[in-house]
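Structure record follows, encoded as structure tokens.
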Amino acid sequence: MMTQGIEQIPDSLGYLMLNEDGAVIASGGQLENGEKIANKLMHLIRIAIKMPTSDERASSFKKITVMWKTFMYVITFSNHRVFICKRQTNSPEPIAV
Amino acid sequence: MGCCFSNDEDKDDDLNDPSRPLINPISDGPSSRPIGSNVVDVAALETQGVDQTEYTDRATQYSHNLSSWCASTQKVRGPPRLPIGVATPHVVLSGQPISLSDIQLITSAAQQAARSLQEIKVRHKEDLVVPFGVP
């Protein structure tokens, strides 16, 4: 399956699959044809992947979560693709400021 | 073909006249002005003959120089490569969201960093500009 099952994630509001250049390859739900949000998240990803997460150069993070009060974007990578899922935030009190 | 040159002798009295042509082809002949030294006449240049073997020799040499130069420099800068990532993206995406304590940790860290940035001040120690012999 091309989208590797990300359209079947429970409590998903939408998904995006991007290539390494940030072009939308597949999309659905609230993120259908969401090129604007894809560009914004790609900008964030390019900054994030420059940040070292440990002393080992090769090691990298697996997941980025961008949180809002009611939803979040969860981002991961696989096979030179970016997978983004917009999910509902279930916790009743997400951020205590 | 356009040409640009500047020479003190060219500062004619009618410089400010907007209707003055840039070059007067009749009066600004090559004999009356030193245009010849300032203009490269491409059409009149003799083409230097390069025979086939020299042409291929040069092409080989240039490509060799280019590849050795490229090898010695840093890799070509482009957008950063994506991390290797995970084998099953849908499992990672559908996993448990990050914990509340982690969110509070990063929120407070960001707030502290922002506060620290705001508190950066310049302390005056000595004059940056020192006057020399100003009456």
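Letters go in sequence order (proteins before strands), and every chain restarts at 1. These numbers were taken from a predicted model, which means no experiment stands behind them.
Residue A/Lys62 touches chain B through both its backbone and its side chain, counting heavy-atom pairs closer than 4.5 Å.
The number of heavy atoms from other shown groups lying within 6.0 Å of CD1 (B/Ile106) does not exceed 12.
Connection of B/Val92 to A/Ile6 is not established within any shared hydrophobic cluster, with ILVMFWY side chains joined at heavy-atom distances below 4.5 Å, either directly or through further cluster members. Each of A/Val82 and B/Val86 belongs to its own hydrophobic cluster when Ile, Leu, Val, Met, Phe, Trp and Tyr are linked at side-chain heavy-atom distances under 4.5 angstrom. Placement of A/Leu31 and A/Phe77 within a single hydrophobic cluster is found when ILVMFWY residues are connected by side-chain heavy-atom separations under 4.5 Å, directly or transitively. Residues A/Val24 and A/Ile64 fall within the same hydrophobic cluster, defined by Ile, Leu, Val, Met, Phe, Trp and Tyr side chains chained together at heavy-atom separations under 4.5 Å. Cluster membership for A/Trp68 and A/Leu16, using ILVMFWY side-chain heavy atoms within less than 4.5 angstrom, is shared.
Note that CE of A/Met67 is 5.5 Å distant from CD1 of B/Ile98, once rounded to the nearest 0.5 Å. Interatomic distance, A/Ser78 OG to B/His90 NE2, rounded to the nearest 0.5 Å: 10.0 Å.
Contact detail for A/Glu20 and B/Leu82: the closest heavy-atom pair is OE2-N, 3.4 Å. Heavy atoms only, all atoms of each residue included: A/Pro10 and B/Ser94 are closest at CD-CB, 4.3 Å. The two residues B/Arg81 and A/His80 have their closest heavy-atom pair at NH2-CE1, 3.7 Å. Across all non-hydrogen atoms, the minimal contact from B/Leu93 to A/Arg87 is O-NH1, 2.6 Å.
Among A/Ile49, A/Ile84, A/Asn79, the residue with the largest count of heavy-atom pairs under 4.5 Å with chain B is A/Ile49.
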